[in-house]
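So the structure is just underneath, and the comments pick up after that.
Below, each value reflects all heavy atoms present in this structure, side chains not excepted, and no hydrogens, waters or symmetry copies. Note that the structure is predicted; figures quoted are calculated from it, not measured. Chain letters run A, B, ... following the sequence lines, proteins first, then strands; residues in each count from 1.
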There are 2 protein chains.
Amino acid sequence: MDIREIFAINLRAARKEAGLSQEELAYRADLDRTYISSLERCVYAASIDVLDGLAKVLGVDPAELLRRPEGKARAASGPKSRKGSKAG
Amino acid sequence: MDIREIFAINLRAARKEAGLSQEELAYRADLDRTYISSLERCVYAASIDVLDGLAKVLGVDPAELLRRPEGKARAASGPKSRKGSKAG
DNA sequence: ACTCACCACAGAGTATTCTCTACAAATTCA
DNA sequence: TGAATTTGTAGAGAATACTCTGTGGTGAGT
């Protein structure tokens with residue numbers, strides 16, 4: 001599990017915990033909405049300045065956002081083809 | 001205390017702890033020597049990829065490098081004017 | 001004085017992050 | 001089904017991280 005993924009997972013979790021949309025978080029952290037989206041999809045490696053800004057808004061410690069999730073969530077690696085069971 | 005400073009302090013401490021020079025650390029982490037120097041002087045905001053690479057080489061947790069030093073270190077702020085008016 | 005190892009610092013170039021605009025899929029609500 | 005909200009994604013440009021090269025300063029050992 002790479003550091004971007006750890007960060008992405010923690011970021012999304014903390015964001016939801018705070019009850020914020022990507023847009024609202026972006027606004028408060030003075031960042032772009034699409035960039036938040038990218039971070040949660042591991043597109044970029046955020047700088048520690050960005051990390052710090054997000055942590056402040058989310059009310060967590062910066063180091064917390066890089067902490068590898070304990071349960072380790074091996075299953076979360078790939079959403080396989082979830083399209084099949086649509087049955088609609 | 002800004003996040004770059006926290007990182008700089010922790011990086012330098014971990015590096016010395018590991019008994020490495022900036023050059024040796026740079027080599028092992030596949031980074032440039034002058035860049036390591038810059039990071040320890042808060043010139044740049046490292047990306048989390050770099051942070052992760054350095055943490056691996058130094059044998060510490062990535063989150064550890066962002067952990068605010070306990071205690072304080074308020075005194076270490078500035079090397080006063082050590083120039084001594086050299087005058088050409 | 002000389003060498004050696006280590007570090008600060010600057011300038012220019014390359015690579016990557018981050019912003020902005022725009023469109024579309026997914027989700028929620030009525 | 002339809003409207004509002006949220007998120008994914010793409011492309012182009014501005015900002016900044018990161019590399020490479022070179023200069024100089026400091027302290028230890030000879």
Side-chain angles (χ1 to χ4, degrees), chain A residues 2-5 7-9 11-58 62 65-66 76 78-88, chain B residues 2-5 7-9 11-58 62 65-66 76 78-88:
Chain A
D2 114 358
I3 192 77
R4 294 194 192 187
E5 201 174 342
F7 175 61
I9 291 173
L11 175 59
R12 176 160 286 181
R15 178 174 64 79
K16 301 217 159 182
E17 185 64 29
L20 299 177
S21 66
Q22 290 179 352
E23 181 155 28
E24 185 60 24
L25 172 58
Y27 176 72
R28 298 194 193 185
D30 197 28
L31 293 170
D32 194 84
R33 179 188 76 72
T34 66
Y35 181 53
I36 300 294
S37 172
S38 297
L39 289 181
E40 291 187 358
R41 284 176 296 117
C42 307
V43 175
Y44 301 116
S47 71
I48 61 175
D49 281 359
V50 165
L51 179 77
D52 189 54
L54 290 170
K56 278 190 172 67
V57 170
L58 293 170
L65 292 177
L66 291 188
K80 306 307 152 74
S81 34
R82 188 171 294 288
K83 13 174 66 178
S85 19
K86 203 44 169 304
Chain B
D2 143 343
I3 191 77
R4 294 193 192 188
E5 201 175 341
F7 175 60
I9 291 173
L11 175 59
R12 176 160 287 180
R15 177 173 65 79
K16 302 217 158 180
E17 184 64 30
L20 299 177
S21 66
Q22 290 179 349
E23 180 156 28
E24 184 60 24
L25 173 59
Y27 176 73
R28 297 194 193 184
D30 198 27
L31 292 170
D32 194 83
R33 179 184 74 71
T34 67
Y35 182 53
I36 299 295
S37 171
S38 297
L39 290 181
E40 292 188 357
R41 285 177 294 120
C42 306
V43 175
Y44 301 116
S47 72
I48 60 175
D49 280 359
V50 164
L51 179 77
D52 190 53
L54 289 170
K56 278 190 172 67
V57 169
L58 293 171
L65 292 178
L66 292 188
K80 306 329 155 79
S81 37
R82 188 167 293 287
K83 14 177 64 171
S85 48
K86 200 41 174 315

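Under the salt bridge (Lys or Arg N to Asp or Glu O under 4.0 Å) criterion, no residue pair touches residues 30-39 of chain A, with sequence neighbours excluded. The salt bridge (Lys or Arg N to Asp or Glu O under 4.0 Å) pairs that include a residue from residues 16-26 of chain A are A/Glu24-A/Arg28, where partners are two or more places apart or lie in different chains.
Near DNA chain C, meaning a heavy atom under 4.0 Å away, the residues from residues 37-53 of chain A are A/Tyr44, A/Ala45, A/Ala46, A/Ser47, A/Val50. Interface residues of residues 20-34 of chain A facing DNA chain D, ordered by number: A/Ser21, A/Gln22, A/Arg33, A/Thr34; criterion, heavy-atom separation under 4.0 Å.
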Check against side chain to side chain contact (heavy atoms under 4.5 Å, CB included), B/Leu54 and B/Phe7: CA-CA 11 Å; B/Leu54 289 170; B/Phe7 175 60; 4.0 Å; yes
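Contact check, A/Arg12 against D/dT6: no side-chain N or O comes under 4.0 Å of OP1 or OP2. At C/dT17, one or more side-chain N or O atoms of A/Arg4 fall inside 4.0 Å of OP1 or OP2 (strictly under the cut-off).
The CG atom of A/Leu39 sits 9.5 Å away from the CD atom of A/Gln22 when rounded to the nearest 0.5 Å. For the atom pair A/Asp52 CG and B/Leu66 CG, the distance stands at 8.5 Å (nearest 0.5 Å).
B/Leu51 is not listed as a side-chain neighbour of A/Leu51, based on a closest heavy-atom distance of 4.5 Å or more.
Qualifying salt bridge (Lys or Arg N to Asp or Glu O under 4.0 Å) partners for B/Arg41, counting only residues two or more places apart in sequence or in other chains: none. Residues satisfying the side-chain contact (heavy atoms from CB on, under 4.5 Å) test with B/Ala55, not counting sequence neighbours, are B/Val60, B/Pro62, B/Leu65.
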